[in-house]
Amino acid sequence: MTQPTPKCPSCDVAMNEGFMIDPSHGANLQAAWVEGPPKKNVIGAVKMMDKKLVSIVSYRCPKCGWLVNFAPHGSSV
């Protein structure tokens, strides 16, 4: 199902679709939403086993830069 293009809450203009990356460790990975609260292991890293990951779709206002993020159904990583 396609999401409608949102309008900026501040400027009331159509926003541009894009996505967010996480450039950690020299790789450009797409950011994802993780279901549930974070739980850390003994060394402080977040446990990811059996977690549901959903791709994040981001919209940016071309006028003021406001970002709106969505994690649409059916967009698992």
Side-chain angles (χ1 to χ4, degrees):
M1 179 158 118
T2 306
Q3 297 287 338
T5 302
K7 285 192 173 186
C8 177
S10 178
C11 303
D12 199 38
V13 298
M15 300 177 86
N16 299 326
E17 183 176 349
F19 62 97
M20 299 168 62
I21 62 167
D22 175 4
S24 59
H25 303 292
N28 291 326
L29 307 172
Q30 184 176 6
W33 176 82
V34 181
E35 185 174 51
K39 294 180 181 170
K40 296 185 179 182
N41 63 19
V42 293
I43 62 169
V46 176
K47 294 180 182 180
M48 294 301 294
M49 288 182 63
D50 302 323
K51 292 286 189 178
K52 178 181 178 181
L53 301 175
V54 180
S55 297
I56 295 172
V57 178
S58 185
Y59 290 86
R60 181 181 180 275
C61 176
K63 189 172 178 182
C64 73
W66 189 308
L67 292 177
V68 176
N69 299 312
F70 293 94
H73 294 290
S75 63
S76 297
V77 173

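As a basis for the values below, the full set of heavy atoms in this structure was taken, side chains included, without hydrogen atoms, waters or symmetry mates. Keep in mind that what you see is a predicted model, and the values were worked out from it rather than measured.
- Contact between Met15 and Trp66 at its shortest, heavy atoms only, is CE-O, 3.1 Å.
- Only one option out of Ile56, Leu29, Val57 pairs with Met20 in a side-chain contact (heavy atoms from CB on, under 4.5 Å); it is Ile56.
- Ser55 approaches Pro72 most closely through the heavy-atom pair O-CD, 3.8 Å.
- To the nearest 0.5 Å, atoms SG (Cys11) and NZ (Lys63) are separated by 5.0 Å.
- The NZ atom of Lys7 sits 5.0 Å away from atom CG of Asp12, with the distance rounded to the nearest 0.5 Å.
- Side-chain contact between Pro6 and Phe70 is present, with at least one heavy-atom pair separated by less than 4.5 Å.
- For Ser10, the side-chain hydrogen bond (donor to acceptor under 3.5 Å, both in side chains) criterion is met by no residue, not counting sequence neighbours.
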The test is side-chain contact (heavy atoms from CB on, under 4.5 Å); show your working for Val68 and Ser58 and say whether it passes. CA-CA 6 Å; Val68 176; Ser58 185; over 6 Å; no
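- Residues that satisfy the side-chain hydrogen bond (donor to acceptor under 3.5 Å, both in side chains) test with Asn16, not counting sequence neighbours, are absent from this structure.
- With Glu17 contributing its side chain and Thr5 its backbone, the two residues share no donor-acceptor pair below 3.5 Å.
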Side-chain donor-acceptor pairs under 3.5 Å in residues 37-53, sequence neighbours left out?
from, atom 1, to, atom 2, distance (Å)
Asn41, OD1, Ile43, N, 3.1
Asn41, OD1, Gly44, N, 3.1
Asn41, OD1, Ala45, N, 3.0
Lys51, NZ, Pro37, O, 3.3

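- In plain terms, the two heavy atoms of Pro23 and Ile21 that are nearest each other are CD-O, 3.6 Å.
- Distance check, rounded to the nearest 0.5 Å: OH of Tyr59 to CG of Asn69 gives 10.5 Å.
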